[in-house]
Visitor: 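This structure is in structure tokens; I'll ask about it shortly.
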Amino acid sequence: MKPAPFAWCAPATLDEALDLLAGHADAARILAGGQTLGPLLNMRLATPSILIDINGIGELAGLHPDLAGLTIGALTRQSTLEDDPALAALQPLIAMAIPHIAHRAVRNRGTVGGSLAHADPAAEWPALVTLLGAQLLARSKSRGMRLIGADEFFITHLTTALAPDELLCEVRVPPSPPGAGYAVLEFARRHGDFAVAGAMVRLTSDAGGKLTDPRLVLFGTGRRALRARRAEAMLAGASAGTALFAAAAATAATEIDPYDDLHASAEYRRHLAEVLASRALEEALARMNGKRHD
Amino acid sequence: MSLSVLLSVNGVAREVALDDPRVTLLDLLRERLGLTGTKKGCDRGQCGACTVLVDGRRINSCLTLAASCDGARVLTIEGLAEEGALHPVQEAFIAHDGFQCGFCTPGQIMSAVGLILEGHAGDDPERIREGMSGNICRCGAYAGITAAILDAERRLAERNRAEAA
């Protein structure tokens with residue numbers, strides 16, 4: 001066995017889990033799907049003294065659509081979303097992004113909450129909730145219930161606003177605006193690997209064809225998924241077009257703070273960000289105009 | 001700390017006492033139950049050699065604690081053949097040379113069985129390749145693997161039609 005020794009407990013209820021978290025806080029890690037924590041334990045990059053296994057807490061899993069949008073339980077498996085035939089109409093961007101998340105065997109175990117709480121800047125979920133303006137609901141014994149906006153939730157690489165005794169319980173995604181066109185583009189060396197860089201876009205327009213509340217998120221290109229606000233400001237109120245999109249993508253590439261690693265240099269990531277942003281804007285426009293249905 | 005898990009492994013109820021919670025499902029299968037068909041490749045969920053079905057879904061057994069699987073139904077490569085007859089996916093891998101050294105093959109076959117059960121890929125080779133992207137074959141038998149899965153889907157559909165008739 002590769003991990004450092006740990007104790008394991010499997011609370012049957014949310015209340016029990018919060019009690020355990022309150023009692024162990026810094027020494028504990030939550031185990032959900034284990035698709036990220038497992039390798040971290042095996043490589044001894046994480047050495048918690050106790051794992052709180054929440055897989056038995058059924059109330060933390062599932063999808064609940066209502067007028068306020070879609071509530072997704074933190075323990076919901078990625079494949080549950082992938083297989084839900086209603087998701088593409090409710091939240092097209094989520095449905096488009098899920099197949100990019102690792103591979104099917106990983107999606108069968110991996111959870112929405114686990115991906116968010118891990119906060120990898122190249123992962124899809126942090127980018128999704130950032131673009132969609134979702135709220136994340138955390139619970140703890142000390143603070144009770146707390147709603148955290150996606151913008152405040154991600155602090156930096158692998159670091160969130162969650163307190164050590166807090167458990168991420170659900171994600172609340174506002175309804176998709178009528179007529180919105182979306183796009184997700186990633187560059188990865190192998191399908192399903194973490195993106196070297198990625199872009200997500202949502203476009204909507206008013207009756208006069210001017211873009212309203214455009215959203216452009218870049219991920220894998222800095223310490224957290226980032227809304228390219230200056231690029232969005234260039235797009236807002238303008239008429240969509242190739243020259244505008246190229247200029248906005250170039251601006252977006254100046255807003256990120258990319259890093260060097262084994263897979264790519266910071267400079268290459270910046271180049272990818274611009275190319276992907278521009279293509280994602282064109283794709284989202286085509287979908288908004290109903291010219292693209294895939 | 002002593003734990004005990006009750007599992008159905010290839011249709012047989014097995015109760016296994018765990019002296020340590022760090023035991024993964026993969027370790028349990030190989031080291032506690034002697035089922036060494038499931039392979040340990042990377043031990044970090046990147047290669048797919050340890051793929052098994054848990055409650056009908058393919059997972060990486062190296063990234064799943066055995067303790068989390070209490071009450072689960074596990075199907076491994078050893079449980080796929082029925083009454084001495086190979087499963088259609090196994091037959092198709094042989095017919096189409098879907099392997100060379102064979103180390104990744106149990107994981108490839110279990111992943112393929114899971115893929116066919118999911119029903120998303122159909123007869124589109126591109127979607128099959130994408131659906132099998134979590135299983136690496138360092139001999140590079142991918143062309144044979146894709147052909148084998150297409151053929152196995154046909155064989156299974158024919159078998160289902162024959163059984164329905």
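First the proteins, then the strands, lettered A, B, ... as listed; each starts at 1. Predicted model, so just to flag it, every value in this text is computed and none were measured.
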Visitor: So for L31(A), is it side chain, backbone, both, or neither that comes closer than 4.5 Å to the heavy atoms of chain B?
Guide: side chain
Visitor: If I take atom CD from residue E118(B) and atom CZ from residue R107(A), how far apart are they, to the nearest 0.5 angstrom?
Guide: 8.0 Å
Visitor: Would you find more than 12 non-hydrogen atoms of other residues, nucleotides or ligands less than 6.0 Å from R129(B) atom CZ?
Guide: yes
Visitor: Mind listing the closest non-hydrogen atom pair of G45(B) and V106(A) along with its distance?
Guide: O-CG2, 4.2 Å
Visitor: Can you name the nearest heavy-atom pair linking R22(B) to A4(A), along with the distance?
Guide: CD-O, 3.5 Å
Visitor: Determine, step by step, whether L63(B) and R109(A) satisfy the side-chain contact (heavy atoms from CB on, under 4.5 Å) criterion, reporting the C-alpha distance in whole Å, the side-chain angles of both residues, the deciding distance to 0.1 Å, and the verdict.
Guide: CA-CA 9 Å; L63(B) 289 188; R109(A) 291 290 298 168; over 6 Å; no
Visitor: Taking the side chain as everything from C-beta on, heavy atoms only, tell me whether D43(B) gets closer than 4.5 Å to K2(A).
Guide: yes
Visitor: Can you tell me how far apart CG (L65(B)) and CZ (F6(A)) are? Round to the nearest 0.5 Å.
Guide: 5.0 Å
Visitor: Is the number of heavy atoms from other residues, nucleotides or ligands under 6.0 Å of E82(B) CD greater than 12?
Guide: no
Visitor: Does either side chain, that of D83(A) or that of H120(B), offer a donor lying less than 3.5 Å from an acceptor on the other one?
Guide: yes
Visitor: Flag yes if more than 12 heavy atoms outside R223(A) fall under 6.0 Å of its CZ atom; otherwise flag no.
Guide: no
Visitor: Mind ranking G48(B), A67(B), C62(B) by heavy-atom pairs under 4.5 Å with chain A and telling me who comes out on top?
Guide: A67(B)
Visitor: For the atom pair NE2 (H103(A)) and CD1 (I136(B)), what is the distance rounded to the nearest 0.5 Å?
Guide: 7.0 Å
Visitor: Among A102(A), G33(A), P39(A), G38(A), single out the residue with the greatest number of heavy-atom pairs under 4.5 Å to chain B.
Guide: P39(A)
Visitor: Has the side chain of R44(B) got a donor or acceptor atom that lies under 3.5 Å from a matching backbone atom of N42(A)?
Guide: no
Visitor: Quick one: pull up CG in N108(A) and OG1 in T64(B) and give me the separation to the nearest 0.5 Å.
Guide: 10.0 Å
Visitor: Quick one: what part of S68(B) sits under 4.5 Å from any heavy atom of chain A, side chain, backbone, both or neither?
Guide: both
Visitor: Could you check if a side-chain atom of L51(A) sits within less than 4.5 angstrom of a side-chain atom of P21(B), using non-hydrogen atoms only?
Guide: no
Visitor: Taking CZ in R77(A) as the centre, count heavy atoms belonging to other residues, nucleotides or ligands within less than 6.0 Å. Is the count above 12?
Guide: yes
Visitor: Can you tell which of S133(B), G131(B), G134(B) has the highest number of heavy-atom pairs within less than 4.5 Å of chain A?
Guide: S133(B)
Visitor: Considering residues, nucleotides and ligands other than D55(B), do more than 12 of their heavy atoms fall under 6.0 Å from its CG?
Guide: yes
